[in-house]
2 protein chains.
Amino acid sequence: MHLELERDRLYVTVDALILTVREGRLYALLSRRKNPPFQGRWALPGRLVGLDEPVEATLDGLLAEMMPEGPRFYEQLYTFSDLNRDPRGRVISIAHLVAVPEAPSGGLTSFEIRLEGDALSLIAPGGGSLPGGELAFDHGGILATGVQRLRGKIDYTDIAFHFLTRPDCFSLGQLQSIFEAVLSCPVDPSNFRRMVKSRYEEPGFIAPLDASTVSPRGRGRPAAMYRVIPKNER
Amino acid sequence: MHLELERDRLYVTVDALILTVREGRLYALLSRRKNPPFQGRWALPGRLVGLDEPVEATLDGLLAEMMPEGPRFYEQLYTFSDLNRDPRGRVISIAHLVAVPEAPSGGLTSFEIRLEGDALSLIAPGGGSLPGGELAFDHGGILATGVQRLRGKIDYTDIAFHFLTRPDCFSLGQLQSIFEAVLSCPVDPSNFRRMVKSRYEEPGFIAPLDASTVSPRGRGRPAAMYRVIPKNER
DNA sequence: CCAAAAGTGTTGGTCGTACACCCATGC
DNA sequence: GCATGGGTGTACGACCAACACTTTTGG
């Protein structure tokens, strides 16, 4: 993205809003811009779409560069096309929402997403707060759109499971903390179990693991573990 | 769209999936292509996005050409970017979902949308059936995506009201027939009224009209009329 | 011309499901 | 201390029944 753009051309980019959940909190993965415009500001990872390149290939390449490899999920979020969203010229961005299990990776920095009233703000790893509007380009708007979409879709899709570090072995408590992080409000454990049973276990999307194979070291009663049934077994 | 496209450039277009409801049935408005590619096939109205033109301006211009003027509603649907979706070159289309009150207009032809099982087919005005896959480009996929989106959003948004010919004077029966057309299944009148009351009337989105000012000539008991409260009065 | 039938709008009830909220028990 | 399960009350949709008001039909 540090190339010169021609003024009489229209460009299409892919921007990735990479979200992850850790310890009951929702994070966005951002990178600091090394070149103008918005040099030094935080931004979503993005890349130009090549003329003969599928958008998915552009995104895959971008994610492979950022994340070391491993499971990830994405879906198209929204296409941002404001005339002046990029001072270099006409750049239309197809923003994607990416859900990854954890963020141990790449040159990206994870910012906690917090909802102050109805506006959201970012908490830097050090602890400093960063208003959403401080991001490069219109990325603050992309962030808001993505979080809103995620919150709206979490309870009638299976997005939440893509945040699990081990989809083959997880407890309902872990899953619940993902829901709580995304919705940013506590969830009743009793209703949550009933919901998971009826919506995911009975349809055969997840299944309980053998009770003997589990060993969740921690305080309190050990949790029963579940696994996501792979698509080819369903 | 009958211009020559340069091979080494990337183009962005806007396609409009214009939907309308008439007599309890859902219609899509299509135009027959006069030029290659896909000459003679039915297609969604579309237009190239100019270099210095906001996408909304492109869409407004397209709709102004197609519809004589009047209320319309649109929202971005999805961006289609397959490499070979347009044989002339790399053309990425930002598809939009448009809801209009009726279709008395333009050079467009209205096809009834029917759901055969889970695939949908189009019924020409003459009565002939047209599989969704017979449309030009990937417009069959755009149609399917749009209908699915509309069905998913109709009962937690106010899209349905944009299909009303007279938002300032409508009956609950008319509104119900819009829901039935979109969902393509009958709706219980009793529950429908309760839903409308709690979701739209009590929040002040619609209000009953004075009983004396109504005169719905027809068989059966005259219906109470309602109006959508304009945004500046809410 | 009048009364009955048919058609549409409107209101009410029951039943089962699902969720909010609370509490008890197992490890 | 955390996981698990049960219980109650409320909200909402599926389904059903009745009533209100109008036009149409048939003597």
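In the text below, chain A, chain B and the rest are named by the order of the sequence lines, each starting its count at 1.
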Protein-nucleotide distance ([X], atom [atom1]; [N], atom [atom2]), rounded to Å:
X	N	atom1	atom2	result
B:Y200	D:dC12	OH	C1'	15 Å
A:Y156	C:dA18	OH	P	19 Å
A:E180	D:dA3	CD	C1'	14 Å

Next item on the list: Check whether the side chain of A:D188 and the base of C:dA20 form a donor-acceptor pair under 3.5 Å.
Entry: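 By the distance-only test, no, there is no pair.
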Notebook entry, point to check: For B:R194 and D:dC12, is the shortest distance between a side-chain N/O and OP1 or OP2 below 4.0 Å?
Noted result: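 So the side-chain polar atoms of B:R194 never come under 4.0 Å of the phosphate oxygens OP1 or OP2 of D:dC12.
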Item checked: Pairwise 5' ranking along DNA chain C for A:N191 and B:A224, keeping only the more 5' one ->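 Looking at the nearest nucleotide for each, B:A224 comes out on the 5' side.
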Margin query: I want to confirm an ordering. Mapping B:P222 and A:R199 to their closest nucleotides on DNA chain C, which one lands closer to the 5' end?
Written below: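 On the 5' side of the pair lies B:P222.
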Item checked: A:K197 vs A:R221, nearer the 5' end of DNA chain D by closest nucleotide ->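 Residue closer to the 5' terminus by nearest nucleotide: A:R221.
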Check: Between B:M195 and A:G220, which is nearer to the 5' end of DNA chain D once each is assigned its nearest nucleotide?
Finding: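 Counting from the 5' end, the first nearest nucleotide belongs to A:G220.
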Next item on the list: Measure from NZ or CZ of B:R22 to the centre of the six-membered ring of B:Y27 and say whether it is under 6.0 Å with the direction within 45° of the ring axis.
Entry: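 Checked: cation-pi criterion met.
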Note to self: Within the 4.0 Å heavy-atom criterion, would you say B:S190 contacts the bases, only the backbone, or no part of the nucleic acid?
What the structure shows: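 Base contact.
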Check: Quick one: do the A:S184 and A:R151 side chains pair a donor with an acceptor below 3.5 Å?
Finding: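 Looking only at side-chain atoms, A:R151 and A:S184 do form a donor-acceptor pair, the distance falling under 3.5 Å.
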Item checked: Polar side chain donor-acceptor pair, A:T145 to A:R149, under 3.5 angstrom ->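 No, because no side-chain N or O of A:T145 sits under 3.5 Å from a partner of the opposite role on A:R149.
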Note to self: Salt bridge check, B:R85 against B:D15: does any charged N sit closer than 4.0 Å to a carboxylate O?
What the structure shows: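 The answer is yes: the pair qualifies as a salt bridge.
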